[in-house]
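Inspection log for the structure reproduced underneath, given as structure tokens.
Note that the structure is predicted; figures quoted are calculated from it, not measured.
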There are 2 protein chains.
Amino acid sequence: MAPVSATVRDVARLAGVSPSTVSRALARPEMISAETRGRVLEAARALDWVPNRLARSLTRGSTENIAVVVPDIVNPFFPPLIRGGQQEAWRRGFSVLLGDSNEDAARELHVANELAAQVDGLLLMSSRLPAREILELRERCEVVVVNRVVRGVSGVVIDTAPSARRAVRHLVGAGHDAVHYVSGPADSWSNKQRVAAVQAACDASGTACHVLAPSVGAFERGRACVDDLLAAGATAVLAYDDITALGIVAGLADRDVRVPGDVAVIGCDDIPMAGQLGLATIGAPFDSVGAAAAGLLIEQIARRAGGAPRRSRLVRVPSTLFLRRTAGPAPAGGPALSGEGAAMPARSRRSPRARA
Amino acid sequence: MAPVSATVRDVARLAGVSPSTVSRALARPEMISAETRGRVLEAARALDWVPNRLARSLTRGSTENIAVVVPDIVNPFFPPLIRGGQQEAWRRGFSVLLGDSNEDAARELHVANELAAQVDGLLLMSSRLPAREILELRERCEVVVVNRVVRGVSGVVIDTAPSARRAVRHLVGAGHDAVHYVSGPADSWSNKQRVAAVQAACDASGTACHVLAPSVGAFERGRACVDDLLAAGATAVLAYDDITALGIVAGLADRDVRVPGDVAVIGCDDIPMAGQLGLATIGAPFDSVGAAAAGLLIEQIARRAGGAPRRSRLVRVPSTLFLRRTAGPAPAGGPALSGEGAAMPARSRRSPRARA
DNA sequence: TTGAAAGCGCTAACAG
DNA sequence: CTGTTAGCGCTTTCAA
């Protein structure tokens, strides 16, 4: 583990001072005469010494570590979030522990508890935990949630509602008279948010809104619901996430239903491949979201260490609607297609029509 | 940070024993009478006590933490690897720190050094570091490399050569008389491996092999080289990775070149979307690779802790060729299409022919 | 401005 | 089997 490095004592001896002085030379330079400090620093360099983080943590009572807990690191939604958080944490001198809950609330609790014991703060992304558990975790360390709102706990959320409204408006403008929303996991907070956003948007547009029941899998969920969608006569589909949307697109293609010719599909998350495949979607600057969350968490840790009272903040990050190929053409006079969706060539673009 | 929990002393007092007995009750149960141990465990539960990892690490000299360093967590190649490693580590009671080098060797060194100070072992995935640096890191903690071979350092590699041979054989059998390999990052070890594997495979088949120069980006790299490929009259392309391959496919489509009608494309990695999009590719069980690497690392840590001498092992994990849509049809009498590539419907499948 | 002393919470000899 | 003693390496009162 730790380098077989020198200790404070060694450095102190070499610099001809006491260990406390060495310690202070780094932690509170202003308490030490410039000259002494110079000697200490030189000795430290000579011995290639850096303070042992473990020992420091033990006495200081803080680790300079945070943990990031995600439901599934393989879900492309999370890596950008993690990277953003990671970079920000690193920038501020914190290291990052990683926890994967495998989409399971019980496991998430276990992981979070285990991790809480060795970090100053927890970043819970798309947590499936009941609010009560999250509040309990906060007794043990600072907590910031991402993609979730818990009263009294700081969080960063992506504000999808306005984009959902624009998406529905686009679809209605293009001639669709109903929107089908394909749900994500039953216990997903963001699924609830998205359902609500889509329903509200449909209400505002006076459009029928059908919500398909949650099911498991991501891509598979999408493919599996295609028969239901077709049976219901769906022509405009909003999906819980991009993977689900891609599953829908694939399932439709299997049945020779053209996208967007026959059915328009819009996903959510703007995962990298979405742009490449011309999938319309609602996206957000995920790196920034992750970074904002980590920043919030670390500020909270600092405030807490400074003895200040807790104060929870909710940061809303705006989302963007990318109207790409699968959303179908904009209605005449409507908004132009936007987003860098030209990665895959646009195929036939006609208005929605009944399937043969 | 750490829970404001009780300490060994508290538990010892409540159980009416000494702190050492408490410590032993958990670490060396067999040294303690069943009865005493029962009392200790009960007291611990009553006080909701778990040993403080920091303190334990400080005395034991080991952290029960490992670090995983990747070039870019957003690259879909890595999440499965990380997840596999994570799960295995967790299974063995280790937590995982995460480092992202941002594809930059200097940064990787910095990150690895920082991390080495707080873990028992380092898992370097697709490391861009010179062998010398890696050996130096190993002076500070155990190291296992993934997707890389360094003399004297344990590693797990994916053996792509046999699949590359099969791929070339398939292409040659389908009538292609040359193979174009699109390189990945210049400093990538696995790119070197893949170039070598493809060249060897072509030599074995008596086929011409053209290697396009490395360039940056992933998807973009693929799209950008399409003009060169077409100018060179390429009909069979092997790409460094799936993202690059998808870029090539997109670029070809932009120019109305059909895949696999006009050009066959095979990627590498079998990222989840590959199967979904019908992209032929060379894949491997990445979760297992990650798990194997973590297992190897932790075993090494244990061996080292037990005072045993170092012993480096190289694990080769076999790869699989998934002949999907983009590879074109199998030659008559050749191998059938394999892999779960039916996610996207197969399109026209003809033998390669000259472009208009 | 500096040093001496005490201790963070735990574990590991070494006795008994 | 169990207790006593002595730290792990660092920080931090408290005095000087």
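The nearest whole Å value for the distance from the CG atom in A/N52 to the C1' atom in D/dG7 is 14 Å. Nucleotide D/dT11 holds its P atom 12 Å from the CG atom of A/L54, rounded to whole Å. For the pair A/L58 CG and D/dT11 P, the interatomic distance rounds to 11 Å; values are reported in whole Å. As a whole-Å value, the separation of B/Q118 CD from D/dC10 P is 14 Å. Atom pair B/M31:CE and D/dT2:C1' shows a separation of 9 Å (rounding to whole Å applied). Remark: P of D/dG9 and CZ of B/R56 are 18 Å apart, rounded to the nearest angstrom. Put simply, CZ on A/R60 is 18 Å from C1' on C/dG9, counting in whole angstrom units. When the C1' atom of D/dG3 is taken as reference, atom CZ of B/R13 falls 16 Å away, rounded to whole Å.
Within the 4.0 angstrom heavy-atom criterion, no nucleotide atom of any strand lies near A/V22. Counting non-hydrogen atoms under 4.0 angstrom, B/I32 reaches the backbone sugars and phosphates but no base. The residue B/R37 sits apart from the nucleic acid: no heavy atom pair falls under 4.0 Å.
Among the nucleotides C/dC10, D/dT12, D/dG3, the one closest to the side chain of B/V8 is C/dC10. Residue A/S18 places its side chain closer to C/dA4 than to any other of C/dA4, C/dA12, D/dT2. When each of C/dT11, D/dT12, D/dT2 is scored by its nearest atom to the side-chain atoms of A/S20, the top-ranked nucleotide is D/dT12. Of all nucleotides listed (C/dC10, D/dT11, C/dT2), C/dT2 comes nearest to the side chain of A/S33.
Listed pair A/T36 / C/dT2 meets the phosphate criterion, a side-chain N or O lying under 4.0 Å from OP1 or OP2. At least one side-chain nitrogen or oxygen of A/T21 sits closer than 4.0 Å to the OP1 or OP2 atom of C/dG3. Distances shown here put every side-chain N or O of A/T7 at or beyond 4.0 Å from the OP1 or OP2 atom of D/dG9. Between C/dA12 and B/R28, a contact under 4.0 Å exists linking OP1 or OP2 to a side-chain N or O.
Between the side chains of A/S154 and A/Q300, a donor-acceptor pair is found at a separation under 3.5 Å. Between the side chains of A/N102 and B/R83, no donor-acceptor pair is found at a separation under 3.5 Å.
Taking the six-membered ring for Trp, A/F77 and A/F286 have ring centres closer than 6.0 Å.
Ion pair A/R39/A/E35 flagged as a salt bridge, since at least one NZ, NE, NH1 or NH2 atom sits closer than 4.0 Å to an Asp/Glu carboxylate oxygen.
Not a single donor-acceptor pair under 3.5 Å links the side chain of A/E88 to the backbone N or O of A/A292.
At a cut-off of 3.5 angstrom, the base of D/dG3 holds at least one donor-acceptor pair with the side chain of B/R24.
A residue-by-residue look at B/T59 and B/P19 shows that B/P19 has its nearest nucleotide of DNA chain D further toward the 5' end.
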Check your understanding: Under the side chain to side chain donor-acceptor pair (under 3.5 Å) criterion, do B/T36 and B/S33 qualify, and how do the steps go?
Key -> CA-CA 5 Å; B/T36 314; B/S33 83; 2.6 Å; yes

